[in-house]
Trainee: 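Okay, here's the structure, questions in a sec.
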Amino acid sequence: MPETLYLFDIDGTLSEPRQAITEEFASVFLDWVSKKQKKVYLVTGSDIEKIREQIFPSFIDRCEGLFTCSGNVFYSKGHKVYENTLHIPEGLLENLQLYLDQSEWRQKQGTHIELRSGMINFTTVGREASQNMREAYTKWDRIHKEREDIVQYLKDLHPDLEVAIGGAISVDIYPAGSNKGQVVEKLQEKHGADVRMIFVGDKNIPGGNDWPLAQRLEKMDNSEWYQVLGPEETRALIEHSELFI
Ligand code: M1P
């Protein structure tokens, strides 16, 4: 019987985007991990600094590992196991700055172009935006579709890059293939080629940053993925879905 691994996105799946996981859900989740002896990996587009603000240390330690920066960095049992380096394509930073200067979204707060290991996170609002500003942008973006426009703008100028919509106010940018899908090979190397994976994410839609991982699992007979709308649905899955028993 092959081993089963449970993979979870964080922002929008275990917590609201950029918010701490609730105590109640964390307790339900950790009970599930312990009582059912589940092997869990976290797979996020975010970086370790932000994740530490959202997920407390003993929760992270209960997991087998944590993939950050869309699988470009991996931590296990308190140690960084690997980290990919990004070679920034010529003209990319200038093109992001041009987009930012021309964005119709005017309220800005903090860093817009965040260089991370193996990827860049870009937001016209800014990484230090208040919760109110984030919510205002999310509503505005639903109508004006700025993030979809950023994806198209960058795809036209930099066809070698992948641009995906993650959380609520930003896009993740990485070289083609350096997306969350890369964790499948890493986990197969660690647990064997026949390992079974069950993934839960809120952006398992074309253009979303969970989509490459869902597509990768789609090709494997024994693996599955779930699209959720938020932490409540994730909780319902682990409490009631047969595959999580
Ligand atoms: O995991 C995807 C993204 O989730 C959040 O995005 P946003 O700020 O747009 O809500 C952040 O954690 C971001 O860093 C991450 O890439």
Side-chain angles (χ1 to χ4, degrees), residues 7-21 41-55 59-60 63 66-75 83-84 86 96 99-100 103 105 107-142 144-151 154 161-175 178-183 199-214 225 227-231 234:
L7 280 48
F8 291 87
D9 168 52
I10 297 178
D11 291 276
T13 301
L14 293 184
S15 74
E16 297 298 339
R18 292 297 295 120
Q19 300 293 302
I21 188 168
Y41 284 87
L42 306 176
V43 187
T44 175
S46 204
D47 55 25
I48 188 78
E49 289 75 18
K50 292 181 190 62
I51 292 311
R52 285 190 179 129
E53 294 168 359
Q54 296 170 245
I55 308 286
F59 188 113
I60 297 177
C63 300
L66 163 62
F67 291 94
T68 64
C69 303
S70 300
N72 284 297
V73 190
F74 178 56
Y75 300 86
E83 177 173 19
N84 295 337
L86 175 71
L96 291 175
Y99 195 96
L100 186 59
S103 167
W105 178 264
Q107 277 182 293
K108 296 183 163 63
Q109 195 73 50
T111 310
H112 299 280
I113 304 171
E114 189 167 83
L115 303 183
R116 298 181 183 166
S117 303
M119 62 168 282
I120 292 176
N121 181 261
F122 177 62
T123 164
T124 56
V125 195
R127 292 253 47 102
E128 271 60 72
S130 65
Q131 188 57 27
N132 276 350
M133 218 193 272
R134 290 175 64 88
E135 285 168 18
Y137 179 83
T138 304
K139 283 184 194 148
W140 181 84
D141 186 47
R142 255 183 228 131
H144 295 271
K145 306 212 177 300
E146 179 176 71
R147 291 195 296 168
E148 286 180 25
D149 187 61
I150 297 170
V151 171
L154 290 176
L161 294 178
E162 264 179 54
V163 188
I165 295 178
I169 60 163
S170 62
V171 298
D172 291 334
I173 305 165
Y174 25 72
S178 294
N179 53 44
K180 286 191 184 185
Q182 65 187 309
V183 312
F199 173 54
V200 184
D202 72 316
K203 291 287 188 299
N204 278 313
I205 42 174
N209 70 346
D210 294 325
W211 187 241
L213 176 49
W225 56 273
Q227 165 66 13
V228 292
L229 286 176
T234 309

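Order of listing sets the numbers, starting from 1, for every ligand and every atom in it.
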Trainee: Looking only at distances, can you tell me whether any N or O atom of Pro17, backbone or side chain, sits closer than 3.5 Å to an N or O atom of ligand 1?
Mentor: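 Not met; the criterion fails.
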Trainee: Taking only heavy atoms of Asn209 into account, list the atoms of ligand 1 that are under 4.0 Å away from them.
Mentor: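 Going through ligand 1 atom by atom, the ones under 4.0 Å from Asn209 are 1 (O), 2 (C).
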Trainee: Tell me whether Asp9 has any N or O atom under 3.5 angstrom from an N or O of ligand 1.
Mentor: no
Trainee: Please classify the Ile169 to ligand 1 contact at 4.0 Å (heavy-atom distances, strictly less than): side chain, backbone, both or neither.
Mentor: both
Trainee: Quick one: does Ile10's side chain get under 4.5 Å of Ser46's, heavy atoms only?
Mentor: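 Not in contact.
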Trainee: Are any non-hydrogen side-chain atoms of Leu154 and Leu96 less than 4.5 angstrom apart?
Mentor: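 Touching, per the 4.5 Å side-chain cut-off.
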Trainee: Quick one: which ligand 1 atoms are inside 4.0 Å of a heavy atom on Ser170?
Mentor: 6 (O), 7 (P), 8 (O), 9 (O)
Trainee: What class does the angle between the rings of Phe122 and Tyr99 fall in, given that below 30° is parallel, 30 to 60° is tilted and above 60° is perpendicular?
Mentor: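 Rings of Phe122 and Tyr99: perpendicular, as their planes differ by over 60°.
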Trainee: May I ask you to check whether Gly166 has an N/O atom sitting below 3.5 Å from an N/O atom of ligand 1?
Mentor: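 No, since none of the N or O atoms of Gly166 sits under 3.5 Å from an N or O of ligand 1.
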Trainee: Determine whether Leu7 and Lys180 make a side-chain contact, defined as any pair of heavy atoms from C-beta on separated by less than 4.5 Å.
Mentor: no
Trainee: Below 3.5 angstrom, do we get any N/O pair linking Arg147 and ligand 1?
Mentor: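 The answer is no, given that Arg147 and ligand 1 share no N or O pair closer than 3.5 Å.
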Trainee: Less than 4.0 Å is my threshold; does some heavy atom of Arg116 fall inside it relative to ligand 1?
Mentor: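 Flag set, Arg116 near ligand 1.
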Trainee: Indicate the atoms forming the closest heavy-atom contact of Val183 with Gly71, along with that distance.
Mentor: CG1-CA, 3.9 Å
Trainee: If the plane angle is over 60° it's perpendicular, under 30° parallel, otherwise tilted; pick one for Tyr137 and Trp140.
Mentor: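 Rings of Tyr137 and Trp140: tilted, as their planes differ by 30° to 60°.
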Trainee: Do the side chains of Asp172 and Arg116 get nearer than 4.5 Å, heavy atoms only?
Mentor: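 In contact.
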Trainee: Distance under 4.0 Å to a non-hydrogen atom of Arg18: what atoms of ligand 1 satisfy this?
Mentor: 8 (O), 11 (C), 12 (O)
Trainee: Is Arg127 in contact with ligand 1, taking contact as a heavy-atom separation below 4.0 Å?
Mentor: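 Per 4.0 Å heavy-atom rule, Arg127 contacts ligand 1.
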Trainee: Taking Asn121 as the fixed residue, which of Arg127, His112, Glu114 is the one that meets the side-chain hydrogen bond (donor to acceptor under 3.5 Å, both in side chains) rule?
Mentor: Arg127
Trainee: Can you find a heavy atom in the side chain of Leu86 that is under 4.5 Å from one in the side chain of Tyr174?
Mentor: no
Trainee: So which protein heavy atom does atom 12 (O) of ligand 1 come closest to, and at what separation?
Mentor: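 Here the closest protein heavy atom is Ser46 OG, 2.9 Å.
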Trainee: Nearest to atom 1 (O) of ligand 1, what protein heavy atom do you find, and at what distance?
Mentor: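 Closest protein heavy atom to atom 1 (O) of ligand 1: Gly45 N, 3.4 Å.
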Trainee: Could you identify the single nearest non-hydrogen protein atom to atom 10 (O) of ligand 1 and state the distance to 0.1 Å?
Mentor: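 Going atom by atom, the protein heavy atom closest to atom 10 (O) of ligand 1 ends up being Arg134 NH2, 2.4 Å.
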Trainee: Have a look at Leu42 and tell me which of Ile51, Thr68, Leu14, Thr13 forms a side chain to side chain contact (heavy atoms under 4.5 Å, CB included) with it.
Mentor: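 Passing option: Leu14.
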Trainee: Checking the N or O distance criterion of under 3.5 Å, is ligand 1 in contact with Asp172?
Mentor: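 Among all N and O atoms of Asp172, at least one is under 3.5 Å from an N or O of ligand 1.
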Trainee: Write out the residue and atom name of the closest protein heavy atom to atom 3 (C) of ligand 1, then the distance separating them to 0.1 Å.
Mentor: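 Of the protein heavy atoms, Gly167 N, 3.5 Å lies nearest.
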Trainee: Which atoms of ligand 1 have any heavy atom of Asn121 under 4.0 Å away?
Mentor: 13 (C), 16 (O)
